[in-house]
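Supplied in structure tokens, the structure appears directly below.
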Amino acid sequence: MKLPPGLVAELRSARALTVLTGAGISAESGLSTFRDAKSGLWSRFRPEELATPEAFRRDPALVWRWYSWRRAQVEHALPNAGHVALARMESRFERFALITQNVDGLHSAAGSREVIELHGSLRRFKCFAHGHPAALPADLGDGPPACALCGSLLRPDVVWFGEKLNEDALARAETATRCCDVFLSIGTSAMVHPAARLPVEALAAGAALIEVNRDPTPLTGRAAWSVRGSAGMALEAMLAALDG
Ligand code: NAD
């Protein structure tokens with residue numbers, strides 16, 4: 001992929017790069033984005049109807065089955081060229097921060113050392129009542145198992161719609177957003193808050209915004225450069241430009 005020379009110059013001169021990724025970067029690993037998940041078993045449910053505390057209270061077994069299905073997909077997925085390029089980019093900048101809205105763990109699997117997981121992880125669990133961290137029992141049934149400490153049901157350690165983000169993760173994301181020269185937003189529809197406000201905060205703090213997305217988003221008009229296309233190809237081209 002050919003990148004605009006101005007974008008390459010901006011990246012090369014940046015001392016601090018902050019990256020925000022969304023479901024689009026994992027699409028090339030075979031994981032559906034929420035917007036694209038229109039087919040299959042779960043197409044009759046909207047994520048907003050399953051990924052909430054109310055849904056879990058109403059029908060914990062249904063929500064648990066949906067997450068078991070998503071977890072099974074993630075367990076078979078491999079990091080793609082985009083994840084790998086970002087892991088390599090880490091050492092090319094004086095300061096580098098990787099913030100993700102994804103819950104699939106693929107950045108860490110690609111070798112990124114420090115990932116700010118704003119929305120938690122499908123690979124961790126906690127109890128619904130008190131948030132006690134928990135491991136999954138080996139023999140899983142159809143519904144959520146009980147917490148060994150308090151007996152309440154286990155749930156995935158992800159942030160559901162209507163829930164607060166982990167304060168420490170959000171604070172680290174905001175610091176990295178305020179202190180970067182270039183903010184790179186990749187494969188996110190920039191609609192889910194508070195993550196969606198980070199690129200806007202970076203702009204307000206004087207950073208140059210680069211967007212990579214298959215489609216236009218609310219950020220496109222505000223980006224100094226908007227690269228339209230595959231996250232994997234764009235990030236490989238950026239890494240090559242940094243090394244070239
Ligand atoms: P989204 O589904 O709202 O948007 C995905 C964006 O990626 C879209 O703008 C789309 O145009 C773009 N895109 C799709 N394929 C692409 C590609 N190959 N290259 C570049 N761009 C591509 O996702 P979001 O903005 O991350 O927000 C929705 C929520 O969905 C988040 O909270 C996230 O936790 C959750 N989610 C996570 C995963 C995951 O962990 N892999 C998967 C689905 C949803």
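Each ligand, and each atom within it, is numbered from 1 in the order the structure gives. These values consider heavy atoms only, across backbone and side chains, with no hydrogens, waters or symmetry-generated copies.
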Residue and atom name of the nearest protein heavy atom (relative to atom 6 (C) of ligand 1), distance in Å to one decimal: Gly187 O, 3.4 Å

Part of Glu28 with heavy atoms under 4.0 Å of ligand 1, whether side chain, backbone, both or neither: side chain

Aromatic ring pairing His107/His83, orientation class (parallel under 30°, perpendicular over 60°, tilted between): perpendicular

Distance-only N or O hit between ligand 1 and Ala23, under 3.5 Å: yes

Within reach of ligand 1, part of Asn102 (heavy-atom separation under 4.0 Å): both

Check ion pair Arg88-Glu236 (N to O, under 4.0 angstrom): no

Note: Arg155-Glu163 ion pair, threshold 4.0 Å (strictly below): yes

Nearest non-hydrogen protein atom, atom 3 (O) of ligand 1: Ser189 OG, 2.6 Å

Ser230 contact mode with ligand 1 (heavy-atom cut-off under 4.0 Å): backbone

Residues Arg92, Asp243: salt bridge by 4.0 Å N-O rule: yes

Element-labelled atoms of ligand 1 that are located less than 4.0 Å from some non-hydrogen atom of Ser32: 42 (C), 43 (C)

Mode of His119 contact toward ligand 1 - side chain, backbone, both, neither (heavy atoms, under 4.0 Å): side chain

Close N or O approach (Ala27, ligand 1; < 3.5 Å): no

Heavy atom of the protein closest to atom 9 (O) of ligand 1 (residue, atom name, distance): Asn213 ND2, 3.0 Å

Sequence neighbours excluded, every pair satisfying side chain to side chain donor-acceptor pair (under 3.5 Å) that has a member inside residues 175-191: Gln101-Thr188

